[in-house]
Amino acid sequence: MTGPVTTGLALALPRAGALTDAVMAPPTDVVPAEALADLRAQVAGDLAAVVEAMAEGERLRFDAFRFVLARRHPELAGGDGGPFVPSPARCRRAVGLSAVARCLRGRSPTPASAVAEVLAAGVEDAADVGDPAGRPPWWAAWYGGLPAGGRAMVEAEAVTWATQLWTALEWERLAQATVGGDDWWDCPRTRRLTLRGQADVRVRPGGRPVLLVVGGGVPPPDWRGSLGFPALVAALAGRERSVPARVVGLWPASGQVRILPVDSGVLTDTAAAVVDAVAVWVRRRGRPSR
Amino acid sequence: MPRTPTVADAFRPPEGADLLGRLRGPGTGRPAVDPGLAGGLRDWLEDGLAGAVGGDAAGTGPVRVTKETLTGVLMCEAHLVARRTAPRVVTVELARGTLVDALFRQWVTTGRLDDPWSDALGAVGVGDDGDGIAAFVASLPVERREALADEIADHAAGIVARWPVPSPTWLPRTQERVVVPLVGGRVVMSGVVDLAFGGPAGERASVCVVEIKSGRRRLEHRADLHFYALLETLRSGAPPFRIATYYTRTGELDVEPVTDDVLVGALQRVLAGAVRLCRLAAGTEPERTPNALCAWCTALPQCGPGRARAGTDVPRVAGDSDDDDDLALVSTALAGEGGDPVDEEPDR
């Protein structure tokens, strides 16, 4: 990808202040409405052509995980990967986001207490199967069936994740912050493909969204694509004002931050990469299983 | 005639407020953070490693510097290489370390340890258990399994009796992974901190790092701790104000402040080890440095200096004699006590 301006961030101490400054900086680039409409039409056409090769009746939900997998490990793309097996590491983000949201709303004083409350509520929801209004989180039934030692590991993992996010920002300075949330875009030319973008924190400085995405380990070499994906889905799914001004990537384990200012070039490059990745996925899916 | 006090009589493991007080210090006068320190240390490392790293032409990925590889390569390069190619052996020490780590984590997080053996096995069973601890425990003869269960119960009792559950306001987090990429990611330092508490630093250092050990107290543990202090400094831009090793068997607690000397010493050790690791990654013949662990080295039959040191050409097998000090060192210094997970699992 040949995106325009991409920057790392030299974080002064306290880092939460510097990161919050970066998140809340006023928007700079504007993607014109015509450019966005053109992009939408182009992407819809390209993707529709690609998914033509899928088997009759097959649908594909394409998210950041599949995007990254198709780019980095095309040989692994296309498979169903076997049944999803939850683990403490695999559900720490889901539990951690709910916990940080509680802290943000002032319902819990600390990430640790918030995580405990989220887990307890999840178990309660999972047990209350007769309530048609209640929909337990995906991890709740699995978590509720674990022995005490296993539940403690889930809690511990989520506390560590949530604490890293909670201490990374000066939340009182964030404008209209929301925690988590997905963007969905059904490709209008086919309806057999849906893109799903995820962000961990969303704010709106100057009336434009800014996304914060938390990653594990260190920023990958293709971090521009990883940050561009949620920006593209948000842009496709909404109107002109829903195009993120920038996506900020935070990798707490390494203390690294990357900032991707979003303009027409970034969206175009990311769209091309997504079309390529979907094509890889569809091609691999069509191969006879051994 | 009054009995002469012995060291054993005099030693009282810290507990409760005393233990936390030693970790937290007085709470005032924590060291000011030099904002240029972390960048300076990073530059020093980058400069020192720039000439040592290759271009990864072999596609083997980055050179990984952990407390285990560091200790191993500085002890004997040939031994480290032999260990990498030999099948990983799970020992009672490794199993005990993993199980006690899990119990400590549970205690710090939930404040409950109802049935230590079940809790520990439940914790191991829910993760990926990359070391195969659950299978190892299940394969133990009944007597050894019961002995291990008794031992685990003793460790758990000590933790419960001496460790107050940290206040959530201290932001305690367990098994926190720290990764520091260097020279464009061609060298990666990493570790997993058993317990860290304190919010991110501003003008003053604010984080305390605690390493949990279920085995005997050893001098080498200080080097591990200094390595973690360096990792945390490079990751967060500020050093921890305190680093500590806690021994769950005896309740001993070694605490030290993090000074510039500590960080510079750790950095020099990392540089010395990382340069060797880079050389090995480039295919250089490993140097042989006879040491007390030669007797357990799988490369012993092909190693003249090692045979001379060990007095035999038949390697001993880890796990044959659990009470052997050197064996314990083999299993914990080189394999890691409790085994640090290396790779991130994807979040959902």
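As a basis for the values below, the full set of heavy atoms in this structure was taken, side chains included, without hydrogen atoms, waters or symmetry mates. Here is how names work: the chains are called A, B, and so on, in the same order as the sequence lines, proteins then strands, and each is numbered from 1.
When heavy atoms are compared at a cutoff of 4.5 Å, Pro116(B) does not approach chain A at all. Residue Ala120(B): no heavy atom, backbone or side chain, is found under 4.5 Å from chain A. With a 4.5 angstrom heavy-atom cutoff, Thr163(A) touches chain B only via side-chain atoms. Residue Val33(B) touches chain A through its side chain alone, counting heavy-atom pairs closer than 4.5 Å.
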After noting the C-alpha distance and the side-chain angles of Val159(A) and Thr174(B), does the key distance pass the side-chain contact (heavy atoms from CB on, under 4.5 Å) rule? CA-CA 8 Å; Val159(A) 166; Thr174(B) 52; over 6 Å; no

Between Thr110(B) and Glu155(A), does the side-chain contact (heavy atoms from CB on, under 4.5 Å) criterion hold? Intermediate values first, please. CA-CA 8 Å; Thr110(B) 69; Glu155(A) 185 172 344; 3.6 Å; yes

Between Tyr143(A) and Val126(B), is the side-chain contact (heavy atoms from CB on, under 4.5 Å) condition met? List the steps. CA-CA 10 Å; Tyr143(A) 170 79; Val126(B) 78; over 6 Å; no

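When all heavy atoms are compared, the tightest approach of Leu13(A) to Ala201(B) is CD2-O, 4.0 Å. When all heavy atoms of Ala152(A) and Gln106(B) are compared, the pair lying nearest together is CB-CG, 3.4 Å. The shortest heavy-atom contact between Ala123(B) and Met153(A) is CB-CG, 3.4 Å.
A 6.0 Å sphere centred on CZ of Arg204(B) holds more than 12 heavy atoms belonging to other residues, nucleotides or ligands. Within 6.0 Å of atom CZ in Arg59(A), more than 12 heavy atoms from other residues, nucleotides or ligands are found, so the atom counts as buried in its surroundings. Under a cut-off of 6.0 angstrom, the local environment of CD in Glu46(B) is crowded, with over 12 non-hydrogen atoms contributed by other residues, nucleotides or ligands.
Looking at Arg105(B) and Glu157(A), a side-chain N of the basic residue comes within less than 4.0 Å of a carboxylate O on the acidic one, giving a salt bridge.
Ranking Gly255(A), Ala156(A), Pro147(A) against chain B, the residue ahead of the rest is Ala156(A), based on heavy-atom pairs under 4.5 Å.
Within the 4.5 Å cutoff, no side-chain heavy atoms of Pro109(A) are placed close to those of Pro168(B). Contact annotation: the side chain of Pro111(A) approaches that of Leu171(B) to within less than 4.5 Å [non-hydrogen atoms, C-beta and beyond]. Contact annotation: the side chain of Gln164(A) approaches that of Glu176(B) to within less than 4.5 Å [non-hydrogen atoms, C-beta and beyond]. The closest side-chain heavy-atom distance from Thr160(A) to Gln175(B) is not below 4.5 Å.
Expressed to the nearest 0.5 Å, how far OG of Ser254(A) lies from CE of Met189(B) amounts to 13.0 Å.
Counting only distance, with no hydrogens or angles, the side chain of Arg15(A) and the backbone of Ser236(B) share a donor-acceptor pair below 3.5 Å. With hydrogens and angles disregarded, a donor-acceptor distance shorter than 3.5 Å links the side chain of Arg235(B) to the backbone of Pro252(A).
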